[in-house]
Protein chains: 2
Amino acid sequence: MSASVDNFLKTIYLISNEVQGVVTGTLIASRLNISAAAVTDMTRKLATRGLVNYTPYREIGLTTTGEQQALKIVRRHRLWELFLHETLGMDLKEVHDEAERLEHHASDRLIDCIEQFLAHPRFDPHGEPIPDKNGMLTQIKDAIELIDATPDEDYIICSIRIQKSEVFDIFTHYDIRPGKHIKVVRRFDFDNSLEVQINNQNILLSNTLACKILCTKN
Amino acid sequence: MSASVDNFLKTIYLISNEVQGVVTGTLIASRLNISAAAVTDMTRKLATRGLVNYTPYREIGLTTTGEQQALKIVRRHRLWELFLHETLGMDLKEVHDEAERLEHHASDRLIDCIEQFLAHPRFDPHGEPIPDKNGMLTQIKDAIELIDATPDEDYIICSIRIQKSEVFDIFTHYDIRPGKHIKVVRRFDFDNSLEVQINNQNILLSNTLACKILCTKN
DNA sequence: ATAAAATATTAAGCTTACTTAATTTTGTAT
DNA sequence: ATACAAAATTAAGTAAGCTTAATATTTTAT
């Protein structure tokens, strides 16, 4: 698979997994910064390869094989992002573009090495789930707000809701971010705030903050 | 620069740095697995870009700019090889092919991160010198055999001479390999063997073994 | 010195992944 | 129902990086 094909499949996958994600040619074109004509060309080609379902003038969709391929690229992308950020200390703003290129040029073997090195992470640094080798991903839709977590059980943070920079600073300060383990130690009913354990520290979180943290049972 | 151009310049550089390295079109073609015609095409193109010196039917050479470019790719290749082996635990046999692809697709920024992560290494896992950001490299020709090292001074292993597998096993066992720091603690004149310090251990090396280790002063 | 071998070049053509411009189809608003 | 806008398609063309086959030049061996 070429990088172009990879990106094409990945883009269709990502669009169709957005809310109201309708995969139109113009949308693909604008995401990939190519012309609509190029999209038609590629779509026809990938249809003959059995990777996309295509009827002229109709919506474009992935076949099962196509989706598997797309998930493989998404997996590669998210593992690279996490690795670049976590291991090599690259800034969150830098990792996307870098991963965008590396995802096409690492062998399966290297991707496995990275996954192992990172101890089989389930979420990338943006909180997006990382598909496993079989394309399975921990659904964010199974996630709950930390405020609803069962006390004393181990959770993993999936993502943190879009936030103002001051709120962002609090999370950064306590190193509260996707992938981290977290446990509710105590609930304070009088103001619905929580005492949580994370990074071997106990921290008090207001109700507002606790609602911003999405997590899944470990 | 495209990957094709990168590889072309790198190949010329590597050939011309071999013993009796005469850069002929057929040699380039066979190293890159492309036709001789493709080599002529590329050579003409790169000549107009000022990267190679070209006179039809004559030997091909790099301009100063071309050599700088080549050194940049060599640097990337060797840093990747070391990183894949050292950090991600990939086998020495696997790292070349992997680095061969990654070298073209990492940003300068990522390469710097990797270099920093590895603490500015001077040799790759095969013992080849890694060009620094300015294209300077620690010359192997400045290297001496460990047997000739001044006692109590700090040396860095550059490379280890081609060896039988049993000898290889000894070096592997004591983790004696390129990039490692080593110091001669004592010389035994009666059999020209050495006691050396490496990896916080003192080890006895026969004269035969000590002659296989090439090193430079730190 | 010259023929044969080795090497390099030229010419023509291919594939991939695009482009723009013109045309067709579809969806929508009245 | 129909006109129009939006979207998709087709047609023709481009650049990079190759290929093979034919041709030219250089090197080597006698």
Side-chain angles (χ1 to χ4, degrees), chain A residues 1-16 18 20-63 66 69-70 73 100-101 103-105, chain B residues 1-16 18 20-63 66 69-70 73 100-101 103-105:
Chain A
M1 297 286 150
S2 70
S4 299
V5 171
D6 282 355
N7 282 333
F8 199 83
L9 296 174
K10 185 180 68 171
T11 303
I12 296 174
Y13 174 82
L14 291 175
I15 292 173
S16 63
E18 283 164 12
Q20 294 176 343
V22 182
V23 184
T24 64
T26 23
L27 232 190
I28 297 175
S30 85
R31 298 277 177 105
L32 291 175
N33 257 300
I34 57 176
S35 67
V39 172
T40 303
D41 273 5
M42 186 62 96
T43 307
R44 297 176 71 79
K45 187 170 77 181
L46 297 190
T48 71
R49 290 205 214 163
L51 296 168
V52 302
N53 292 126
Y54 175 58
T55 316
Y57 295 103
R58 300 269 156 244
E59 195 186 347
I60 297 161
L62 294 174
T63 61
Q69 263 295 327
I73 311 303
E100 201 66 22
R101 279 172 284 111
E103 64 188 10
H104 311 297
H105 303 287
Chain B
M1 297 288 149
S2 68
S4 299
V5 171
D6 282 354
N7 283 331
F8 199 83
L9 297 174
K10 185 181 67 172
T11 302
I12 296 173
Y13 174 83
L14 291 176
I15 292 173
S16 62
E18 283 164 12
Q20 295 175 340
V22 182
V23 184
T24 63
T26 22
L27 233 191
I28 298 175
S30 84
R31 298 277 177 107
L32 291 175
N33 257 299
I34 57 177
S35 67
V39 172
T40 303
D41 274 4
M42 186 62 96
T43 307
R44 298 175 72 78
K45 187 169 76 182
L46 297 190
T48 70
R49 289 203 214 165
L51 296 168
V52 302
N53 292 127
Y54 174 58
T55 317
Y57 295 102
R58 300 270 156 244
E59 195 187 346
I60 298 161
L62 294 173
T63 62
Q69 263 295 327
I73 312 302
E100 201 66 20
R101 277 173 284 111
E103 65 187 9
H104 311 297
H105 303 287

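So that the names make sense, note that chain A is the first sequence line, chain B the second, and so on, each numbered from 1. Nothing here was measured: the structure is a model prediction, and the numbers come from that model.
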- Once you round to the nearest 0.5 Å, how far does CG of A/Leu51 lie from OG1 of A/Thr43? 11.5 Å
Return the polar atom pairs (N/O with N/O) between nucleotides 2-9 of chain D and the protein under 3.5 Å, or none.
unit_1, atom_1, unit_2, atom_2, d
D/dA8, OP1, A/Gly25, N, 3.1
D/dA8, OP2, A/Gly25, N, 3.4
D/dA8, OP2, A/Thr26, N, 2.7
D/dA8, OP2, A/Thr26, OG1, 2.9
D/dA8, O3', A/Tyr57, N, 3.4
D/dT9, OP1, A/Tyr54, OH, 2.3
D/dT9, OP1, A/Tyr57, N, 2.9
D/dT9, OP2, A/Thr40, OG1, 2.9
D/dT9, O4', A/Tyr57, OH, 3.4

- From A/Leu62 atom CG to A/Thr11 atom OG1, the distance as rounded to the nearest 0.5 Å: 10.0 Å
- Kindly compute the distance separating CD1 (B/Ile28) from OG (B/Ser30), expressed to the nearest 0.5 Å. 9.5 Å
- Could you give the CE-to-C1' distance, from B/Met42 to D/dA16, as a whole number of Å? 8 Å
- Query: Say you draw a straight line from CD of A/Glu103 to CZ of A/Arg101; how long is it, rounded to the nearest 0.5 Å?
  - Reply: 10.5 Å
- Span of DNA chain C, from the first to the last nucleotide whose atoms fall under 4.0 Å of chain A heavy atoms: C/dA17 to C/dG27
- Could you tell me whether the side chain of A/Ile73 reaches within less than 4.5 Å of the side chain of A/Leu9, counting heavy atoms only? no
- Roughly how far apart are B/Ile60 CD1 and B/Met42 CE, rounded to 0.5 Å? 11.5 Å
- Task: Determine whether B/Thr48 and B/Tyr54 make a side-chain contact, defined as any pair of heavy atoms from C-beta on separated by less than 4.5 Å.
- Result: no
- Item | B/Arg58 vs B/Asn53, side chain to side chain contact (heavy atoms under 4.5 Å, CB included): CA-CA, chis, key distance, verdict | CA-CA 10 Å; B/Arg58 300 270 156 244; B/Asn53 292 127; over 6 Å; no
- How would you label the contact of B/Asn7 with the nucleic acid (heavy atoms, under 4.0 Å): base, sugar-phosphate, or nothing? nothing
